[in-house]
Amino acid sequence: MVRILLPDGGRLEARPGERIIDAIPKGLGLVAKINSQLVDLTSQVSEGVDEIIILNFNSREGRQVYWHTSSHIMAQAVKRLFSNAKLGIGPAIDEGFFYEFDTSGKSFSPEDLERIENEMRNIVKEDLPIVREEIRKDNAMVLFEKRGEPYKVELLKEIEDKIVSIYRQGEFMDLCRGPHLPSTGYIKYLKILYASSSYWRGNERNPVMQRIYGISFPRKEILEEYLKRREEAKRRDHRILGPQLDLFSMPSEIIGPGLVIWHPKGAIIRRIIEDFLVRVHLKWGYKLVYSPHIAYTNLWKTSGHLSYYRDFMYVFDKEGIEHAVKPMNCPFHILVYKSRRRSYRELPLRFFELGTVYRYERSGVLHGLLRARGFTQDDAHIFTTPEDLEKEIYNVIELDEYLLRSFGFKEFKVELSTWDPGHPEEYMGSEEDWLRAQSSLERALRKKRYDYDIMEGEAAFYGPKIDVKLVDSIGREWQLSTIQLDFNLPKRFNVTYVDADGNEKTAVMIHRALLGSIERFFGILLEHYEGNFPLWLAPIQVRILPVADRHVGRAREILQVLDEAGVRADLDEARGTLGYRIREAELGKVPLLLIIGDREVESGKVAVRRKGEGNIGDIELKEFLNAYRKDFIPPDMR
RNA sequence: GCCCCGGUAGCUCAGCUCGGUCAGAGCGGCCGCCUCGUAAGCGGCAGGUCGCGGGUUCGAAUCCCGCCCGGGGCUCCA
């Protein structure tokens, strides 16, 4: 007998020869896993198998299969409605699935998509059994040739196996590795999300495909929650919120794409962030440096960036010498280091700069503040001895966590990118350097008790790195901090120090940007808080609202007290009704309102209203200041 | 860069299919009235090279071409 593990932890037994699906309660699973290999539920239990694990929608693999089958249903629906559409590929993706078709360049209209979605529901209702077949590759090629599916034939050509699998459901058939759900009826709630064009195999020289994205769920509530979350994300879009709250704008048709102008309210937030960063870095032993925005391109020739990076650089000529706007700060920081000979006694040296760089990103990848052409890195380069590397890395991680927590983020994901041990020749530096460095990074992470994923082969050619992603208020992940070792630049620039033994040694260099880019971080922060910045960052912390003209005098007195206390406050003179001005303040996301009417003038108190909470009562002005004193100022000054 | 979609008042958008009172609405702005107690008081006024350039036409926001800018997408491998 074979042991079966159910998703709910239950156990069953099955006889060899029996179909898995017949051995388990109906509807309990989506797909089975045998020796870490996914198989159809409709496959038979074979002899000699120890254990079969049944997966449902709660597992990643279960979801992937669910969505993969959904993509086949989409393809079937499209073939029913547009019989001359040619099938491309249709995988499950992180969230949902897509299928792409060659429709001779004709795109799907919203009405088409609606019809496709309805046809998909029909196919679900038909509950067609999904059947796996294994056939010889050459037969498969004839088969797909006959069905007029040139892309499938092309894919087949590249498959090396002699036997391939195809899946059938009703009149539909697809080349597919599988596995799939037992029948189309397993898909309960589905939705087409959007369509767009793409290239066959992502190559712009290939034919244009029309790609349709969709999502599906076993329960209605999850679908609704998912759609709500998408709406939520749309509502938080920093590209809408930014101009709406008068924080920044990107008048690209006037100044060019990917560039930001900061309005007063955005600029003050940015300045508060930057001041905070500078203070904290100084406290953590970094030295502040500045470097120019342009330099001879030769500088980047020395660094080796030019050959690889040239297309991303703004290059121009002056007096016959080629200059470039800096796309990165590292060479300058190296020059600071190299301005004189360094002794091991002064290491580690940590140079910090809010360095504004410009990179000519391809127009298609630009996305508001999140991907701009001009942006400011919270950049630092640490020069250290190999002996101190682990300690330095540990400190950087600690600083990173402090910074991110200060901005209200609580959940992080850490990735350690290492080299591919199979191809040491593709990397700069000796095997010894790499192994030692990688284990330094790993020890630092372990000492910090971080869970981390090792991404083997993901390191850059010049060194391993640690990436930190954060999770925002609606569960989205953002790649933020990067801590990167560099074996390359110290050699190219001959970055050395005199060690205790009198010998000149090459320093180890760490690049690190913790918020990454101030612009991008600002965009993430804006979306995370939906514009409701924590008090210490709010551009206007307190607004004073006199009820009528006769209260303006008292309101001015209060404004002065707040000004003197260093609180960012303004006064909304008594124009229009109180209700109107409150609404304006709420929409403008002003966190605290002080309302001054007859009662307050009389008592000398202030009526406090907190955004989103409403009136919280009258208190003395002094008490009010006391209550919020800490929240008004940056975390490091509390 | 390439493909699809889009660009009309500061903002959101209608008008474009079938060229001719099609230059509109709401919000915002400004001016007046109202002096007001916790998310929109009332009235009036101003505001647009219909993204830019060219073409077709007696006539173009509307049709055609080019350009600029924006949005989505461009393997997460049958």
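The model shown is predicted, which means the values in this text are computed figures rather than measured ones. Below, read A as the first sequence line, B as the second, and so on, with proteins coming before strands; counting in each chain starts at 1. Side-chain atoms are counted along with the backbone in the values below, which use heavy atoms only and exclude waters and symmetry mates.
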In whole angstroms, the gap separating C1' of B/C34 from CZ of A/R581 amounts to 13 Å

Between the side chains of [Y] and [X], is the shortest nitrogen-to-carboxylate-oxygen separation below 4.0 Å, so that they form an ion pair?
X	Y	result
A/R581	A/E584	no
A/K79	A/E149	yes
A/E527	A/R236	no
A/K465	A/D467	yes

Let's see if you can work this out: which of [options] has an atom nearest to the side-chain heavy atoms of [X]?
X	options	value
A/R583	B/A40, B/G73, B/A78	B/A40
A/H367	B/C36, B/A78, B/G72	B/G72
A/V365	B/A78, B/C74, B/U38	B/C74

At 4.0 Å (heavy atoms only), tell me whether [X] reaches a base, stays on the sugar-phosphate, or touches nothing.
X	answer
A/D598	base
A/R211	sugar-phosphate
A/G256	nothing
A/G579	sugar-phosphate

For A/N56 and A/L30, the nearest pair of non-hydrogen atoms, with its separation, is C-CD1, 3.6 Å

Open item on the list: At a heavy-atom distance below 4.0 Å, what parts of residues 600-611 of chain A sit against RNA chain B?
Closed with: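 Residues of residues 600-611 of chain A under 4.0 Å from RNA chain B: A/E600, A/A607, A/R609.
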
Discussion item. So if I take residues 545-554 of chain A and measure heavy-atom distances to RNA chain B, which residues fall below 4.0 Å?
Written reply: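 Under 4.0 Å from RNA chain B: A/V547, A/A548, A/D549, A/R550.
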
Is the shortest side-chain N/O distance from [X] to OP1 or OP2 of [N] below 4.0 Å?
X	N	result
A/R239	B/G72	yes
A/Y213	B/C76	no
A/S252	B/G70	yes

Worksheet item: Is there a donor in the side chain of A/W200 and an acceptor in the side chain of A/D102, or the other way round, less than 3.5 Å apart?
Response: no

Would you kindly say whether A/H551 and A/D598 are connected by a side-chain donor-acceptor distance under 3.5 Å?
-> yes

Just checking, A/R373 and A/Y360: is the charged tip under 6.0 Å from the six-membered ring centre and within 45° of the axis? yes

